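This is a predicted model, so every value here is computed, not measured. Just so you know, ligand 1 is whichever comes first in the structure, and atom 1 is the first atom listed for that ligand.
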Amino acid sequence: MVNIAIIGGTGVYNPKMLDNVQEIIQPTEYGEVKVMIGDFEGTGVAFIPRHGMGHSLPPHLINYRANIMALNQLGVQNILATAAVGSLNYEFKPGHIVLANQFIDFTKSRNSTFYDGGEKGVIHCDMTVPYCSELREVLEKTGSQIDIPVYNGGTYVCTEGPRFETAAEIDMFKAVGGHLVGMTSVPEVCLARELGMCYANISIITNFAAGISPHRLTHSEVVEIMKQKISDIRILMIQSLKHITENKECDCNKILEETGVNT
Ligand code: HPA
């Protein structure tokens, strides 16, 4: 059993920071998932590159249900998920690391629940605080110990992609309270929550968003900033691992108690 998983977003494609990495194929009812499993100082860690090894999968075609179900079947309780994002304000600048604590969902066409009715039933999962507060605290404290500044809190606006936004969309996202814009955190975090798993989003600001940036957006500027930050992100995640205990006090795994699922 593996207790912790890393989901690598854009620019985080291999589990270099882990030892003894082996690749397995985990079958799920939503499809097979290639998962790499390694360890760091005796702690087992699973790794999935969200977009595939060579960034071959766009955000709207990722099989989020299979990925999260596969991790759940392997025994994972804690997920650290990286994400490249645009910034909606001048406070968060390219290169900054922000732990989202809220999201606003503007996706359009994704399977966002394991409970599709019929035999599976219907549930309405609490999403008041979607990202695990205890994992965020661990990441924030670890960051300050190793001198990697981490901002704890920010609202992630999730778009459908794969296109970037219009300047008018970004104006609207700012007006409704968004701080970061990306294309993947929803439904990933929702699915993890439906299975009672703890999930932290590690957003890396790669650009000012459309209309805030002085120039047109390109994927290569996103990739370039990720290259500059990859070493910090790896160190932050790996150093945080030892502070993630099996008996956490958050209530992520109790979320569905009232429905009788996952209890
Ligand atoms: N918008 C959406 N997704 C992103 C951006 C952006 O500006 N930058 C990196 N991922």
> Heavy atoms under 4.0 Å from ligand 1: which residues qualify?
Replying inline: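 Within the 4.0 Å shell of ligand 1, which is judged on heavy atoms, sit A84, V85, G86, F164, E165, V181, G182, M183, T206, N207, L217, V222.
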> What's the spacing between I6 CD1 and R234 CZ if we round to 0.5 Å?
Replying inline: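 Those atoms lie 9.5 Å apart.
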>> Assess the residue pair Y199 and S185 against the criterion (side-chain contact (heavy atoms from CB on, under 4.5 Å)); give the C-alpha distance rounded to whole Å, side-chain angles, the decisive distance to 0.1 Å, and a yes or no.
In response: CA-CA 10 Å; Y199 180 106; S185 198; 4.0 Å; yes
> Quick one: does L88's side chain get under 4.5 Å of I170's, heavy atoms only?
Replying inline: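 Touching, per the 4.5 Å side-chain cut-off.
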>> The criterion is ring-ring contact (aromatic ring centres under 6.0 Å, His included); which residues satisfy it with F173, sequence neighbours excluded?
In response: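 Only F106 meet the ring-ring contact (aromatic ring centres under 6.0 Å, His included) criterion with F173.
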> Taking T155 for the side chain and F103 for the main chain, is one N or O donor matched with an acceptor at less than 3.5 Å?
Replying inline: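 No, the answer is negative, given that no donor and acceptor are paired below the 3.5 Å cut-off.
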>> What I want to find out is whether D116 reaches R65 closely enough, with some N-O distance under 4.0 Å, to be called a salt bridge.
In response: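 Yes.
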